[in-house]
Amino acid sequence: MLYYDFHIHSALSPCGDKDMTPNNIVNMAALSGLNAIALSDHNTVGNVRAAMAVGRACGVSVVPAMEVETAEEVHVLTLYPSIDAAEEAAAVVYKSLPDIKNRPDIFGEQLFMDEDDNVTGYEEKLLISPTSLSFDALFDLVKSVGGIFVPAHVDRHSYSVLTNLGFIPDNLDIKCIEVSKATEDLDAYLAARTELKKYSIFRNSDAHYLADIAYAEAYLECDSVSDIFRTKGCHL
Amino acid sequence: MKVSELIKTLNLTVATEPNFEDRDVTGCYIGDLLSWVMGKAQSGDAWITIMNNINIVAVASLTDSACIILCEGVSADEAVINKANSEGIIILKSGETAYSLACQLSGEI
(Lines give C-alpha, C1' and ligand atoms only; values in the text may rest on other atoms or scores of the structure.)
Protein backbone atom coordinates (compact mmCIF):
# COMPACT_ATOMS: atom_id res chain seq x y z
CA MET A 1 0.00 0.00 0.00
CA LEU A 2 1.29 3.42 -0.97
CA TYR A 3 0.02 6.60 0.66
CA TYR A 4 0.49 9.40 -1.83
CA ASP A 5 0.06 13.04 -2.69
CA PHE A 6 0.92 13.57 -6.35
CA HIS A 7 0.15 17.28 -6.68
CA ILE A 8 2.41 19.58 -4.68
CA HIS A 9 3.87 22.92 -5.75
CA SER A 10 7.28 24.23 -4.73
CA ALA A 11 8.50 27.82 -4.51
CA LEU A 12 9.30 27.61 -8.22
CA SER A 13 5.59 28.02 -8.91
CA PRO A 14 4.94 31.73 -8.47
CA CYS A 15 1.88 30.93 -6.39
CA GLY A 16 3.84 28.44 -4.25
CA ASP A 17 4.85 29.64 -0.81
CA LYS A 18 8.54 30.42 -0.24
CA ASP A 19 8.57 27.78 2.48
CA MET A 20 7.80 25.13 -0.15
CA THR A 21 11.44 24.07 -0.35
CA PRO A 22 12.57 20.57 -1.34
CA ASN A 23 13.42 19.67 2.27
CA ASN A 24 10.30 21.16 3.78
CA ILE A 25 8.02 19.44 1.29
CA VAL A 26 9.62 16.00 1.55
CA ASN A 27 9.97 16.10 5.33
CA MET A 28 6.40 17.31 5.78
CA ALA A 29 5.28 14.45 3.55
CA ALA A 30 7.28 12.01 5.66
CA LEU A 31 5.76 13.43 8.86
CA SER A 32 2.31 13.03 7.32
CA GLY A 33 3.01 9.37 6.70
CA LEU A 34 3.12 9.62 2.91
CA ASN A 35 5.17 7.03 1.01
CA ALA A 36 5.15 8.80 -2.34
CA ILE A 37 4.72 12.37 -3.51
CA ALA A 38 5.03 14.23 -6.79
CA LEU A 39 6.48 17.70 -7.11
CA SER A 40 4.29 19.23 -9.80
CA ASP A 41 5.09 22.86 -10.49
CA HIS A 42 3.39 24.87 -13.21
CA ASN A 43 4.98 24.11 -16.59
CA THR A 44 8.40 23.24 -15.14
CA VAL A 45 10.34 20.44 -13.45
CA GLY A 46 13.15 22.73 -12.29
CA ASN A 47 13.07 21.71 -8.62
CA VAL A 48 12.32 18.03 -9.11
CA ARG A 49 15.92 16.78 -9.06
CA ALA A 50 16.49 18.48 -5.69
CA ALA A 51 13.29 17.04 -4.23
CA MET A 52 14.20 13.56 -5.51
CA ALA A 53 17.59 13.78 -3.79
CA VAL A 54 15.93 14.75 -0.51
CA GLY A 55 13.36 11.99 -1.01
CA ARG A 56 16.07 9.36 -1.39
CA ALA A 57 17.59 10.47 1.93
CA CYS A 58 14.22 10.45 3.72
CA GLY A 59 12.70 7.31 2.25
CA VAL A 60 9.91 9.13 0.43
CA SER A 61 9.49 8.36 -3.28
CA VAL A 62 9.40 11.58 -5.29
CA VAL A 63 7.75 11.15 -8.69
CA PRO A 64 8.86 13.64 -11.36
CA ALA A 65 5.81 15.65 -12.34
CA MET A 66 4.59 18.88 -13.87
CA GLU A 67 1.22 20.61 -13.97
CA VAL A 68 0.88 21.77 -17.55
CA GLU A 69 -1.60 24.38 -18.76
CA THR A 70 -2.84 23.57 -22.25
CA ALA A 71 -3.80 26.08 -24.93
CA GLU A 72 -7.43 25.58 -23.87
CA GLU A 73 -6.37 26.64 -20.34
CA VAL A 74 -6.94 23.16 -18.97
CA HIS A 75 -4.58 22.07 -16.20
CA VAL A 76 -3.17 18.59 -16.58
CA LEU A 77 -1.10 16.81 -13.98
CA THR A 78 1.61 14.88 -15.78
CA LEU A 79 3.66 12.17 -14.05
CA TYR A 80 6.91 10.75 -15.44
CA PRO A 81 8.77 7.46 -14.97
CA SER A 82 12.14 9.20 -14.74
CA ILE A 83 13.63 12.65 -14.38
CA ASP A 84 15.04 12.36 -17.89
CA ALA A 85 11.58 11.72 -19.32
CA ALA A 86 10.22 14.63 -17.30
CA GLU A 87 12.93 17.00 -18.47
CA GLU A 88 12.40 15.96 -22.08
CA ALA A 89 8.70 16.85 -21.85
CA ALA A 90 9.45 19.98 -19.83
CA ALA A 91 11.78 21.31 -22.53
CA VAL A 92 8.91 21.18 -25.03
CA VAL A 93 6.50 22.72 -22.54
CA TYR A 94 8.91 25.55 -21.71
CA LYS A 95 9.33 26.41 -25.39
CA SER A 96 5.54 26.46 -25.72
CA LEU A 97 5.13 29.09 -23.02
CA PRO A 98 4.64 32.67 -24.20
CA ASP A 99 7.58 34.96 -23.66
CA ILE A 100 6.10 36.93 -20.78
CA LYS A 101 8.42 38.08 -18.01
CA ASN A 102 7.37 37.27 -14.46
CA ARG A 103 6.36 40.21 -12.31
CA PRO A 104 7.31 38.96 -8.81
CA ASP A 105 5.39 41.85 -7.22
CA ILE A 106 2.19 40.55 -8.79
CA PHE A 107 2.68 36.80 -9.22
CA GLY A 108 5.40 35.97 -6.69
CA GLU A 109 9.00 34.82 -7.09
CA GLN A 110 9.92 31.68 -9.05
CA LEU A 111 12.79 30.13 -7.11
CA PHE A 112 15.13 27.37 -8.21
CA MET A 113 16.52 25.48 -5.22
CA ASP A 114 19.09 22.78 -4.57
CA GLU A 115 18.79 19.79 -2.25
CA ASP A 116 19.98 21.92 0.68
CA ASP A 117 17.23 24.46 0.02
CA ASN A 118 19.67 27.09 -1.23
CA VAL A 119 18.16 29.42 -3.81
CA THR A 120 20.21 28.77 -6.93
CA GLY A 121 18.38 31.02 -9.35
CA TYR A 122 15.19 32.70 -10.45
CA GLU A 123 13.00 31.72 -13.38
CA GLU A 124 12.44 34.90 -15.37
CA LYS A 125 9.69 33.67 -17.68
CA LEU A 126 6.20 33.66 -16.18
CA LEU A 127 5.35 30.01 -15.58
CA ILE A 128 1.62 30.38 -14.99
CA SER A 129 0.60 31.04 -18.59
CA PRO A 130 -1.16 28.69 -20.97
CA THR A 131 1.25 26.88 -23.28
CA SER A 132 0.54 26.72 -27.01
CA LEU A 133 0.15 22.93 -26.67
CA SER A 134 -3.39 21.74 -27.25
CA PHE A 135 -4.91 19.18 -24.89
CA ASP A 136 -4.37 16.55 -27.60
CA ALA A 137 -0.78 17.62 -28.33
CA LEU A 138 0.07 17.45 -24.63
CA PHE A 139 -1.44 13.98 -24.41
CA ASP A 140 0.80 12.84 -27.27
CA LEU A 141 3.87 14.47 -25.72
CA VAL A 142 3.34 12.84 -22.33
CA LYS A 143 2.65 9.48 -23.92
CA SER A 144 5.78 9.72 -26.06
CA VAL A 145 8.01 9.82 -22.97
CA GLY A 146 6.07 7.13 -21.08
CA GLY A 147 4.32 9.52 -18.72
CA ILE A 148 0.82 9.54 -17.26
CA PHE A 149 -1.70 12.21 -18.27
CA VAL A 150 -4.10 13.15 -15.49
CA PRO A 151 -6.61 15.97 -16.13
CA ALA A 152 -6.26 17.96 -12.90
CA HIS A 153 -8.95 18.99 -10.42
CA VAL A 154 -11.78 18.12 -12.80
CA ASP A 155 -14.30 19.20 -10.17
CA ARG A 156 -13.10 22.81 -10.15
CA HIS A 157 -14.79 25.58 -12.11
CA SER A 158 -11.59 27.02 -13.49
CA TYR A 159 -8.73 25.45 -15.42
CA SER A 160 -10.47 22.09 -15.52
CA VAL A 161 -11.21 19.83 -18.45
CA LEU A 162 -14.89 19.54 -17.54
CA THR A 163 -15.38 23.30 -17.38
CA ASN A 164 -13.32 24.23 -20.42
CA LEU A 165 -13.99 21.27 -22.70
CA GLY A 166 -17.39 20.23 -21.34
CA PHE A 167 -16.47 16.57 -20.97
CA ILE A 168 -13.39 14.37 -21.21
CA PRO A 169 -12.60 13.95 -24.93
CA ASP A 170 -13.18 10.35 -25.93
CA ASN A 171 -10.65 10.40 -28.77
CA LEU A 172 -7.78 10.09 -26.28
CA ASP A 173 -6.99 7.06 -24.16
CA ILE A 174 -7.23 8.85 -20.83
CA LYS A 175 -7.21 6.43 -17.92
CA CYS A 176 -7.13 8.64 -14.85
CA ILE A 177 -8.34 11.96 -13.52
CA GLU A 178 -7.78 14.02 -10.39
CA VAL A 179 -10.66 15.10 -8.17
CA SER A 180 -9.62 17.83 -5.77
CA LYS A 181 -9.98 17.75 -2.02
CA ALA A 182 -12.61 20.48 -2.37
CA THR A 183 -14.95 17.62 -3.21
CA GLU A 184 -15.11 15.88 0.15
CA ASP A 185 -17.66 13.22 -0.72
CA LEU A 186 -16.19 11.47 -3.75
CA ASP A 187 -18.91 8.81 -3.85
CA ALA A 188 -21.65 11.45 -4.05
CA TYR A 189 -19.70 13.35 -6.70
CA LEU A 190 -19.35 10.23 -8.86
CA ALA A 191 -22.94 9.15 -8.27
CA ALA A 192 -23.99 12.37 -10.00
CA ARG A 193 -21.44 11.88 -12.80
CA THR A 194 -21.52 8.24 -13.72
CA GLU A 195 -19.51 8.89 -16.88
CA LEU A 196 -16.47 9.51 -14.65
CA LYS A 197 -16.65 6.15 -12.93
CA LYS A 198 -14.52 4.45 -15.56
CA TYR A 199 -11.48 6.54 -14.65
CA SER A 200 -8.94 5.79 -11.95
CA ILE A 201 -9.14 8.74 -9.60
CA PHE A 202 -6.27 10.46 -7.84
CA ARG A 203 -6.99 12.52 -4.74
CA ASN A 204 -4.19 15.03 -4.23
CA SER A 205 -3.72 18.17 -2.17
CA ASP A 206 -2.58 20.68 -4.86
CA ALA A 207 -0.65 22.16 -1.92
CA HIS A 208 0.89 25.59 -2.35
CA TYR A 209 1.59 25.84 1.42
CA LEU A 210 3.21 23.27 3.71
CA ALA A 211 0.14 22.91 5.88
CA ASP A 212 -1.91 21.85 2.84
CA ILE A 213 0.14 18.74 2.04
CA ALA A 214 -2.13 15.71 2.37
CA TYR A 215 -2.35 13.42 5.36
CA ALA A 216 -1.93 9.71 4.75
CA GLU A 217 -5.48 9.12 3.46
CA ALA A 218 -5.42 8.47 -0.27
CA TYR A 219 -3.53 5.32 -1.16
CA LEU A 220 -2.77 2.99 -4.03
CA GLU A 221 -2.76 -0.78 -3.77
CA CYS A 222 0.80 -1.19 -4.92
CA ASP A 223 4.25 -1.33 -3.42
CA SER A 224 6.24 1.09 -5.52
CA VAL A 225 5.66 4.00 -7.86
CA SER A 226 7.07 2.02 -10.77
CA ASP A 227 3.89 -0.08 -10.60
CA ILE A 228 1.86 3.04 -11.44
CA PHE A 229 3.74 3.49 -14.69
CA ARG A 230 3.40 -0.19 -15.51
CA THR A 231 -0.40 0.20 -15.33
CA LYS A 232 -0.31 3.66 -16.97
CA GLY A 233 -1.97 5.21 -13.94
CA CYS A 234 -4.73 2.66 -13.51
CA HIS A 235 -5.05 1.94 -9.85
CA LEU A 236 -4.12 -1.54 -8.77
CA MET B 1 -31.26 34.26 -42.01
CA LYS B 2 -29.85 31.14 -43.62
CA VAL B 3 -26.30 29.92 -42.97
CA SER B 4 -25.41 30.83 -46.58
CA GLU B 5 -26.54 34.42 -45.95
CA LEU B 6 -24.61 34.51 -42.67
CA ILE B 7 -21.47 33.51 -44.57
CA LYS B 8 -21.95 36.39 -47.01
CA THR B 9 -22.91 38.94 -44.35
CA LEU B 10 -19.90 38.18 -42.16
CA ASN B 11 -17.53 37.26 -44.99
CA LEU B 12 -16.80 33.85 -43.50
CA THR B 13 -14.77 30.94 -44.86
CA VAL B 14 -16.33 27.49 -44.85
CA ALA B 15 -13.93 25.01 -43.22
CA THR B 16 -16.14 21.94 -43.47
CA GLU B 17 -17.90 20.27 -46.42
CA PRO B 18 -19.14 23.06 -48.75
CA ASN B 19 -22.39 21.26 -49.64
CA PHE B 20 -24.06 21.69 -46.27
CA GLU B 21 -27.71 21.74 -45.33
CA ASP B 22 -28.59 25.45 -45.47
CA ARG B 23 -30.53 25.79 -42.25
CA ASP B 24 -31.93 28.82 -40.49
CA VAL B 25 -29.84 30.85 -38.07
CA THR B 26 -32.17 32.12 -35.37
CA GLY B 27 -29.78 33.44 -32.76
CA CYS B 28 -26.18 33.84 -31.67
CA TYR B 29 -24.17 32.65 -28.71
CA ILE B 30 -20.60 33.57 -27.81
CA GLY B 31 -18.56 31.43 -25.44
CA ASP B 32 -15.39 29.40 -25.07
CA LEU B 33 -15.96 27.35 -21.93
CA LEU B 34 -17.75 24.33 -23.33
CA SER B 35 -19.51 23.48 -20.07
CA TRP B 36 -21.20 26.90 -20.32
CA VAL B 37 -21.99 26.59 -24.00
CA MET B 38 -23.59 23.18 -23.41
CA GLY B 39 -25.97 24.76 -20.94
CA LYS B 40 -26.64 28.07 -22.67
CA ALA B 41 -26.50 27.86 -26.47
CA GLN B 42 -29.90 27.47 -28.12
CA SER B 43 -31.05 25.51 -31.12
CA GLY B 44 -30.38 27.50 -34.30
CA ASP B 45 -27.65 29.67 -32.79
CA ALA B 46 -24.57 30.69 -34.69
CA TRP B 47 -22.01 29.88 -32.01
CA ILE B 48 -18.92 32.09 -32.04
CA THR B 49 -15.84 30.79 -30.23
CA ILE B 50 -12.06 30.57 -30.20
CA MET B 51 -12.16 27.01 -28.80
CA ASN B 52 -11.00 24.53 -31.44
CA ASN B 53 -10.85 21.32 -29.42
CA ILE B 54 -12.63 18.35 -31.00
CA ASN B 55 -15.32 18.55 -28.31
CA ILE B 56 -16.83 21.60 -30.04
CA VAL B 57 -18.42 19.23 -32.58
CA ALA B 58 -20.28 17.29 -29.91
CA VAL B 59 -21.29 20.51 -28.15
CA ALA B 60 -22.69 21.99 -31.38
CA SER B 61 -24.55 18.76 -32.00
CA LEU B 62 -25.89 18.60 -28.44
CA THR B 63 -27.13 22.20 -28.50
CA ASP B 64 -28.33 21.94 -32.11
CA SER B 65 -26.36 25.07 -33.01
CA ALA B 66 -26.80 26.10 -36.65
CA CYS B 67 -23.05 26.43 -37.09
CA ILE B 68 -19.76 27.10 -35.32
CA ILE B 69 -17.85 30.26 -36.17
CA LEU B 70 -14.18 30.09 -35.20
CA CYS B 71 -13.12 33.71 -34.84
CA GLU B 72 -9.86 35.65 -34.47
CA GLY B 73 -8.13 33.51 -37.08
CA VAL B 74 -8.38 30.29 -35.09
CA SER B 75 -8.40 27.22 -37.27
CA ALA B 76 -9.49 23.67 -36.62
CA ASP B 77 -7.24 20.71 -37.28
CA GLU B 78 -8.11 17.89 -39.64
CA ALA B 79 -9.52 15.62 -36.93
CA VAL B 80 -12.01 18.31 -35.91
CA ILE B 81 -13.05 18.98 -39.52
CA ASN B 82 -13.47 15.27 -40.21
CA LYS B 83 -15.55 14.80 -37.08
CA ALA B 84 -17.70 17.83 -37.99
CA ASN B 85 -18.26 16.50 -41.50
CA SER B 86 -19.30 13.11 -40.17
CA GLU B 87 -21.72 14.73 -37.71
CA GLY B 88 -23.08 17.25 -40.21
CA ILE B 89 -21.80 20.25 -38.24
CA ILE B 90 -20.84 23.37 -40.19
CA ILE B 91 -17.59 25.08 -39.13
CA LEU B 92 -16.99 28.60 -40.42
CA LYS B 93 -13.97 30.82 -39.93
CA SER B 94 -13.26 34.51 -39.52
CA GLY B 95 -10.26 36.66 -38.68
CA GLU B 96 -12.44 39.10 -36.78
CA THR B 97 -13.21 39.25 -33.07
CA ALA B 98 -16.40 37.87 -31.57
CA TYR B 99 -17.44 41.42 -30.73
CA SER B 100 -17.01 42.60 -34.31
CA LEU B 101 -18.97 39.62 -35.68
CA ALA B 102 -21.77 40.11 -33.16
CA CYS B 103 -22.02 43.82 -34.01
CA GLN B 104 -22.45 42.96 -37.70
CA LEU B 105 -25.11 40.39 -36.84
CA SER B 106 -27.04 42.80 -34.65
CA GLY B 107 -30.50 43.41 -36.09
CA GLU B 108 -29.93 40.86 -38.87
CA ILE B 109 -31.28 37.81 -37.01
Hey, what do you get for [atom1] ([X]) to [atom2] ([Y]), rounding to the nearest 0.5 Å?
{"X": "A:Leu162", "Y": "B:Leu33", "atom1": "CG", "atom2": "CG", "result": "12.0 Å"}
{"X": "B:Ile54", "Y": "A:Leu172", "atom1": "CD1", "atom2": "CG", "result": "8.5 Å"}
{"X": "A:Glu72", "Y": "B:Ile50", "atom1": "CD", "atom2": "CD1", "result": "10.0 Å"}

Is it the backbone or the side chain of B:Asp32 that comes under 4.5 Å from a heavy atom of chain A, or both, or neither?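 The backbone, not the side chain.
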Is [X] atom [atom1] crowded by more than 12 heavy atoms from other residues, nucleotides or ligands, each under 6.0 Å away?
{"X": "A:Phe139", "atom1": "CZ", "answer": "yes"}
{"X": "B:Glu21", "atom1": "CD", "answer": "no"}
{"X": "A:Tyr219", "atom1": "OH", "answer": "no"}

Side chains of B:Val59 and A:Phe167: does their closest heavy-atom pair fall under 4.5 Å?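 With C-beta onward as the side chain, the pair touches.
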Does any heavy atom of chain B fall under 4.5 Å from the side chain of A:Asn164, the backbone, both, or neither of them?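 When you check distances to chain B, atoms from both the backbone and side chain of A:Asn164 fall under 4.5 Å.
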So which part of A:Ser134 gets closer than 4.5 Å to some heavy atom of chain B, the side chain, the backbone, both or neither?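 Interface part for A:Ser134: neither.
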Determine whether a donor-acceptor pair (N or O, by modelled atom type, separation under 3.5 Å) exists between the side chain of B:Ser35 and the backbone of A:Gly166.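 Pair absent, no side-chain N/O of B:Ser35 close to backbone of A:Gly166.
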Just by distance, do the side chain of B:Asn53 and the backbone of A:Leu165 share a donor-acceptor pair under 3.5 Å?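 Judged by distance alone, no pair lies under 3.5 Å.
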